[in-house]
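Chain letters run A, B, ... following the sequence lines, proteins first and then strands; every chain starts at 1. When reading the values below, keep in mind they use all heavy atoms of this one structure, side chains included, and skip hydrogens, waters and symmetry mates. Bear in mind that the values here come from a model prediction, so they are computed numbers and not experimental data.
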2 protein chains.
Amino acid sequence: MRLSLNQRTTKRWSVAEAVDGCVRHGLEAVGLWREEVAEQGLAESVKLVREAGLRVSSLCRGGFLTAGGLPGEEGRLAFARALDDNRRAIDEAATLGAACLVMVVGGLPGVKPGEPMPPGASRDLAGARERVAEALAELAPYAGQRGVKLALEALHPIYCPDRAVLSTLGQALDLSLPYPEEQVGVVVDTFHVWWDPRLFEDIARAGRRIASYQVCDYLHPLPEDVLLGRGMMGDGVIDFRPITEAVLAAGYTGDVEVEIFNAAVWAADPDEVVATMKARYAGVVLPRP
Amino acid sequence: MRLSLNQRTTKRWSVAEAVDGCVRHGLEAVGLWREEVAEQGLAESVKLVREAGLRVSSLCRGGFLTAGGLPGEEGRLAFARALDDNRRAIDEAATLGAACLVMVVGGLPGVKPGEPMPPGASRDLAGARERVAEALAELAPYAGQRGVKLALEALHPIYCPDRAVLSTLGQALDLSLPYPEEQVGVVVDTFHVWWDPRLFEDIARAGRRIASYQVCDYLHPLPEDVLLGRGMMGDGVIDFRPITEAVLAAGYTGDVEVEIFNAAVWAADPDEVVATMKARYAGVVLPRP
């Protein structure tokens with residue numbers, strides 16, 4: 001299997017620096033973020049990854065499709081804006097030749113990521129989930145025309161209020177099934193799904209729908225900012241090997257991205273982080289030979 | 001439906017004070033905790049609730065059955081100790097005439113509630129879940145002989161490392177099915193299950209297996225101590241009515257316990273807390289008339 005550096009793991013690195021880092025450490029793939037690509041410039045980013053001979057294992061991220069659940073004109077405008085932004089994300093993923101566009105679908109309508117629930121936000125979880133399905137019906141054909149695969153990411157239920165109303169792999173998978181496999185797939189991210197009693201059943205059921213396998217550990221206890229609870233593999237509670245073996249058995253042949261949001265990892269020397277990441281990948285993520 | 005005060009909502013109150021409070025506020029049921037019952041004395045607690053004419057809607061709690069997953073003698077002893085303690089809890093529930101004994105089954109072997117993962121703890125989640133099933137096979141007949149119903153509680157996945165490897169209602173339900181309905185049921189606790197995409201399907205499937213319906217809100221963001229993220233109904237992200245309606249439609253006729261762990265609620269005047277609880281129960285939990 002193929003190790004890929006998601007550039008948020010080495011947050012201080014620009015696209016150019018992340019590409020250099022991958023080459024220096026012998027990695028063949030990189031996961032990019034739209035914000036950093038915009039800073040580097042899209043054309044320049046394409047040039048950098050091509051000249052380095054890297055695969056772009058994913059582009060993060062599209063999504064945030066639920067604000068259409070707000071009432072009236074506000075909801076209609078928010079839905080239209082979200083679709084526009086996602087079409088741009090799809091275009092960028094196509095230009096980069098990314099293996100997929102990771103979709104973080106958004107939380108309850110009116111709740112912003114990492115912020116408290118404001119007055120006027122919606123508690124209609126079922127409705128928010130319907131908005132996601134409606135948006136997908138608009139975006140999947142657009143992605144298909146551009147050769148981009150949308151990768152629906154189930155997030156840990158702790159993020160349900162503000163980041164993703166997709167909470168399990170099975171739910172993401174069910175949402176993907178109406179579309180061709182090359183248009184809509186799912187992400188298996190160990191941090192988000194390790195606890196799920198249906199995980200192994202749903203990985204097998206997903207099969208070739210698995211568009212991305214992302215690994216990082218789940219720290220316990222989580223830090224106060226729960227977004228930063230993603231740890232280096234081996235530092236948390238996850239037993240990775242059975243999950244990796246199940247993903248392989250399901251037919252996944254893509255890159256394995258390491259995506260860590262963590263204050264200590266971000267404070268460390270990025271080259272040391274990548275070296276540790278390679279060692280841990282071999283030590284605790286890959287199946288025993 | 002019938003409102004019950006789980007005594008941890010008014011944490012400062014002893015059993016005697018909680019019983020008085022229920023009577024003063026016109027409640028017909030109380031949920032008790034083993035620790036507070038022990039402080040009051042078991043016989044005295046029985047006398048207090050009987051004289052007040054209250055139902056005991058639940059006794060909290062049995063469980064913590066997973067330490068048997070530790071290797072060797074340590075695991076064997078821990079498993080035996082856990083079974084002994086649970087038999088005592090069952091005896092207490094029988095003496096109190098509690099409608100059920102709530103079971104919080106325990107997290108990864110060797111991880112203590114609210115504490116970091118120590119060296120030597122286990123990452124074998126599947127194994128921990130098997131230990132729970134093994135313990136249940138020992139305890140269910142014992143409970144049945146004493147007329148006590150074990151109520152398996154799925155906890156929010158954030159508590160999977162340290163408090164409960166039962167993470168969804170469906171998983172708890174599947175675990176209960178081999179036993180008679182009067183021996184093993186499940187808890188529907190809104191805080192723990194509100195996000196679950198299979199919630200309504202699993203409530204319907206649970207039917208008369210629902211042994212306890214507990215309500216409190218899910219605060220967003222959670223406080224640093226995630227145990228204290230349980231809020232007064234209406235203060236968080238949960239839309240209660242559809243869940244209450246589903247629980248009723250499934251055939252549940254028992255008490256509805258309000259169980260809130262929350263620093264601000266605990267700091268407030270308990271009588272005001274109970275008054276607010278009654279108002280919110282009518283205002284956001286019960287179905288519209």
Side-chain angles (χ1 to χ4, degrees), chain A residues 107-108 111 114-118 121-129 154-172 174-175 192-200 217-227 229 234-243 284, chain B residues 107-108 111 114-118 121-129 154-172 174-175 192-200 217-227 229 234-243 284:
Chain A
L108 292 171
V111 185
E115 294 186 16
M117 186 174 195
S122 166
R123 288 181 176 83
D124 181 8
L125 178 57
R129 288 167 168 166
L155 262 57
H156 192 285
I158 198 174
Y159 303 118
C160 189
D162 63 338
R163 286 191 167 86
V165 294
L166 286 188
S167 305
T168 64
L169 177 62
Q171 182 193 14
D174 289 343
L175 199 57
H192 294 305
V193 302
W194 72 277
W195 57 269
D196 186 347
R198 303 175 68 99
L199 178 59
F200 293 94
D217 218 326
Y218 181 95
L219 299 183
H220 173 77
L222 291 176
E224 186 170 2
D225 180 351
V226 294
L227 190 65
D235 288 351
V237 303
I238 300 177
D239 185 14
F240 288 93
R241 280 209 184 84
I243 304 176
V284 303
Chain B
L108 292 171
V111 184
E115 294 186 16
M117 186 174 194
S122 166
R123 289 182 175 83
D124 181 7
L125 178 57
R129 287 168 169 167
L155 262 56
H156 191 285
I158 198 174
Y159 303 117
C160 188
D162 63 337
R163 285 191 167 88
V165 294
L166 286 189
S167 305
T168 64
L169 177 61
Q171 183 193 13
D174 289 343
L175 199 57
H192 294 305
V193 302
W194 72 277
W195 57 270
D196 186 347
R198 302 176 69 101
L199 178 60
F200 293 94
D217 219 327
Y218 180 97
L219 299 182
H220 173 76
L222 292 176
E224 186 170 2
D225 181 350
V226 294
L227 191 64
D235 288 352
V237 303
I238 299 177
D239 186 14
F240 288 92
R241 280 210 185 83
I243 304 176
V284 303

Need one label for [X]: side chain, backbone, both or neither, based on atoms under 4.5 Å from any heavy atom in chain B.
| X | result |
| --- | --- |
| A/D225 | neither |
| A/I238 | backbone |
| A/L125 | side chain |
| A/V111 | side chain |

Could I get the full list of salt bridge (Lys or Arg N to Asp or Glu O under 4.0 Å) partners for B/R129, not counting sequence neighbours?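 With neighbours one apart ignored, the set is empty.
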
Not counting sequence neighbours, which residues clear salt bridge (Lys or Arg N to Asp or Glu O under 4.0 Å) with B/D239? List them please.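 Scan of B/D239 (salt bridge (Lys or Arg N to Asp or Glu O under 4.0 Å), adjacent residues dropped) gives none.
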
Winner by heavy-atom pair count (cut-off under 4.5 Å) against chain B, out of A/P221, A/G114, A/G236: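 Ranked by heavy-atom pairs under 4.5 Å with chain B, first place is A/G236.
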
Options A/P197, A/C160, A/S122, A/A121, ranked by heavy-atom pairs under 4.5 Å with chain B, top entry: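 Option with the greatest count: A/P197.
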
List the residues meeting side-chain contact (heavy atoms from CB on, under 4.5 Å) with B/V237, not counting sequence neighbours, and say none if there are none.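 B/V237: side-chain contact (heavy atoms from CB on, under 4.5 Å) contacts with A/L108, A/M117, A/P161, B/W194, B/Y218, B/H220.
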
With a sphere of 6.0 Å drawn around CD of B/E224, does it hold more than 12 non-hydrogen atoms of other residues, nucleotides or ligands?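 Incorrect, the count does not exceed 12.
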
For chain A, find its close neighbours in residues 163-172 of chain B: heavy-atom separation under 4.5 Å, sorted by number, or none.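 Counting heavy atoms that sit under 4.5 Å from chain A, the residues of residues 163-172 of chain B involved are B/S167, B/T168, B/Q171.
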
Would the distance check show the side chain of A/D162 and the main-chain N or O of A/G107 forming a donor-acceptor pair, the cut-off being under 3.5 Å?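 No.
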
May I ask you to decide if B/V226's main-chain N or O and B/Y159's side chain share a donor-acceptor pair within less than 3.5 Å?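 Pair found, side chain donor or acceptor close to backbone of B/V226.
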
Closest contact, heavy atoms only, B/G234 versus B/F240: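 Nearest pair, atom of B/G234 first, then B/F240: N-CE1, 4.0 Å.
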
Where do A/P242 and A/F200 come nearest, in terms of heavy atoms and distance?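 Residues A/P242 and A/F200, closest heavy atoms: O-CE2, 3.4 Å.
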
Answer yes or no: is there a side-chain heavy-atom contact under 4.5 Å between A/I243 and A/V193?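 No - every pair of side-chain heavy atoms lies 4.5 Å or more apart.
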
